[in-house]
Amino acid sequence: DKNKQPSVKKQIIKDGNPSNLDLNNLVSKNSVYSGETVWFNTTIDIKPGAYNYVLHDKIDSNFTITEYTIHEIDDNEKSLTKNQDFNLIFNPSDGCTFHVEFTKKYLEEKAEKIANGTINKITVLYYATLSNNAPINTAMKNNTYLTYGANLQTNPSETETYTFGIPVFKYTNEGSTQKGLKGVEFSLHTGQDCSNDNIIKFTKKGSEYTYSESTTGTVTTLTSSDDGTFNVNGLKAGTYYLKEISTLDGYNKLANPVTIVVEQGNDGKQVIKVGTNTYERVEVLNS
């Protein structure tokens, strides 16, 4: 094939807002809350002589696709029409989640504009919802590539989405030994004032608490288990405030909330900080 080779690039719209999507704020890695919607944007760099264009997309099984749009980028940015400009095939035989097959009619009709550079990109935009059971601190990879011409293929492009967790250990010192305290109650907040307006809701399963935006079947109280531990799951990178609501008889309740910063490292994984120190888990001492 003597024509220039097309390429694809898949990215995530950071902090995507359905009413105001910022296509200039694109990243390859992100972190989200459990159950949150993530916007994916794939750009096809289309080249003269385009034919047999098929976009292959495979999304992590923890995502469910909700809606999509496909645009041809020129001065007017036209939306393409399903079953006319492209065919959408879900669960094809190659293991992908879907294919976007651009029709011969569409590519032939646009050949002149593609050749003179009036049309040079096609964007495939869709959003997907993350499962409440998504793994913690694990890369959920979503990738894409384009096949074209006579059995040619572009390099793949991939994104990684994470959801994070905060392990907590509530303890007291008995000599040189840390003893876990059972039944100490906390709440987690996004604001330093730890008000009801910024309290975070969870679903509970044993000592596991998973972020939930649902208004039903949720809890706001986090209780330490028999060994003094509990896990807060399904969080995105950000600053959180762990407030001690009540403690055991004979112990002093914390006067101030614990400020916990969850960062996303260069490798995509979580970094938990309390103050300037980094921890595998947040240890809260009672005296």
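Heavy atoms only: backbone and side chains are in, while hydrogens, waters and symmetry mates are out.
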Practice item. Check each of Asn196, Asn198, Thr220 against His189 using the side chain to side chain donor-acceptor pair (under 3.5 Å) test, and report the only one that passes. Key: Asn198
Practice item. Output, in order, the C-alpha distance, side-chain angles, deciding distance and verdict of side chain to side chain contact (heavy atoms under 4.5 Å, CB included) for Leu88 and Val100. Key: CA-CA 5 Å; Leu88 187 64; Val100 179; 3.9 Å; yes
Point to revise | Within 6.0 angstrom of Gln192 CD, more than 12 heavy atoms from elsewhere | key: no
Check your understanding: Within the side chain of Thr154, is there an N or O that forms a donor-acceptor pair under 3.5 Å with the backbone of Pro6?
Key -> no
Exercise for review: Look only at the side chain of Thr163 and the backbone of Val32, and say whether a donor-acceptor pair between them is shorter than 3.5 Å.
Suggested key: yes
Point to revise | Spacing of CG belonging to Asp45 relative to CD belonging to Gln5, to within rounding of 0.5 Å | key: 11.5 Å
Review point. Considering the options Asp57, Asn142, Asn143, which one meets the side chain to side chain donor-acceptor pair (under 3.5 Å) requirement together with Lys10?
Key: Asp57
Check your understanding: Between Tyr145 and His56, what is the ring plane arrangement, given parallel below 30°, perpendicular above 60°, and tilted in between?
Key -> parallel
Review point. Counting only N and O atoms by type, is there a donor-acceptor contact under 3.5 Å from the side chain of Ser212 to the main-chain atoms of Lys201?
Key: no
Review point. Mind checking whether Val258 and Phe186 have side chains closer than 4.5 Å, heavy atoms only?
Key: no
Review point. Does the side chain to side chain contact (heavy atoms under 4.5 Å, CB included) test come out yes or no for His99 and Asp94, once each step is laid out?
Key: CA-CA 10 Å; His99 288 173; Asp94 64 352; 2.9 Å; yes
Point to revise | Co-membership, hydrophobic cluster, residues Tyr162 and Val261, 4.5 Å side-chain | key: no
Check your understanding: Should we count CD of Gln178 as having more than 12 external heavy atoms under 6.0 Å?
Key -> yes
Study note, to complete from the structure: Distance col, row Glu280:CD vs Gln270:CD, nearest 0.5 angstrom, shows 8.5 Å
Point to revise | Within 6.0 Å of NZ in Lys9, more than 12 heavy atoms from elsewhere | key: no
Practice item. State, with a plain yes or no, whether a side-chain heavy atom of Asn252 is found less than 4.5 Å away from one of Thr247. Key: no
Exercise for review: Verify whether one side chain among Asn30 and Lys14 offers a donor that lies under 3.5 Å from an acceptor in the other.
Suggested key: no
Review point. With hydrophobic residues grouped by side-chain heavy-atom distances under 4.5 Å, do Val168 and Ile245 end up in a single group?
Key: no
Check your understanding: Is a side-chain N or O of Ser224 found less than 3.5 angstrom from the main chain of Gly183, in a donor-acceptor match?
Key -> yes
**Study point:** Side-chain heavy atoms of Asn137 within contact of Lys269, under 4.5 Å
**Key:** yes
Exercise for review: Any chance you could measure Asn91, atom CG, to Phe98, atom CZ, to the nearest 0.5 Å?
Suggested key: 11.0 Å
Study note, to complete from the structure: NZ of Lys29 to CD of Gln264, rounded to nearest 0.5 Å, is 8.0 Å
Study note, to complete from the structure: So CZ of Phe169 and OG1 of Thr229: to nearest 0.5 Å the spacing works out to 8.0 Å
Point to revise | Qualifying residue, where the test is side chain to side chain contact (heavy atoms under 4.5 Å, CB included) with Tyr171 and the options are Asn286, Val284, Leu285 | key: Leu285
Review point. Going from CD1 on Ile12 to OG1 on Thr161, what distance comes out if it is rounded to the nearest 0.5 angstrom?
Key: 3.5 Å
Practice item. Would you name the heavy atoms of Lys236 and Tyr240 that are closest together and state the gap between them? Key: O-OH, 2.7 Å
Check your understanding: Are Val54 and Phe40 linked, directly or through other ILVMFWY residues, by side chains that come within less than 4.5 angstrom of each other?
Key -> no
**Study point:** Check against side chain to side chain contact (heavy atoms under 4.5 Å, CB included), Val184 and Leu248
**Key:** CA-CA 6 Å; Val184 182; Leu248 306 182; 4.1 Å; yes
**Study point:** Verify same cluster id: Leu55, Leu152 (apolar side-chain graph, 4.5 Å)
**Key:** yes
**Study point:** Considering all heavy atoms, the nearest Leu188-Leu235 contact
**Key:** CD2-CD1, 4.1 Å
Exercise for review: Return the minimal non-hydrogen interatomic distance between Ile272 and Gly165, and the atom names on each side.
Suggested key: CD1-O, 3.7 Å
Practice item. Please confirm whether the backbone N or O of Ile59 pairs with a side-chain atom of Thr97, one donor and one acceptor, at under 3.5 Å? Key: yes
Check your understanding: Is a side-chain donor or acceptor of Thr221 paired with a backbone partner of Glu185 at a separation under 3.5 angstrom?
Key -> no
Check your understanding: Which pair of heavy atoms, one from Ile136 and one from Phe164, lies closest together, and at what distance?
Key -> CG2-C, 3.6 Å
**Study point:** Stepwise side chain to side chain contact (heavy atoms under 4.5 Å, CB included) check, Asn52 with Thr147
**Key:** CA-CA 7 Å; Asn52 287 351; Thr147 54; over 6 Å; no
Practice item. Go through the side-chain N and O atoms of Asn62 and Asp60 and say whether any donor and acceptor fall under 3.5 Å apart. Key: yes
Review point. Sub-3.5 Å donor-acceptor pair from the side chain of Lys110 to the main-chain atoms of Glu112, do we have one?
Key: no
Review point. Going by the angle between their ring planes, with limits at 30° and 60°, are Phe86 and Tyr68 parallel, tilted or perpendicular?
Key: perpendicular
Review point. Are Val274 and Phe230 connected in the hydrophobic side-chain network, where two residues link if heavy atoms are under 4.5 Å apart?
Key: yes
**Study point:** Neighbour count above 12 (heavy atom, 6.0 Å) for Asn277 CG
**Key:** yes
Exercise for review: Can you see which heavy atom on Tyr241 is nearest to which on Pro257, and at what distance?
Suggested key: CB-CB, 4.3 Å
Check your understanding: Do Ile166 and Tyr209 have side-chain heavy atoms sitting under 4.5 Å apart?
Key -> no
Point to revise | Over all atoms of both residues, closest heavy-atom pair of Tyr211 and Asn132 | key: O-OD1, 4.3 Å
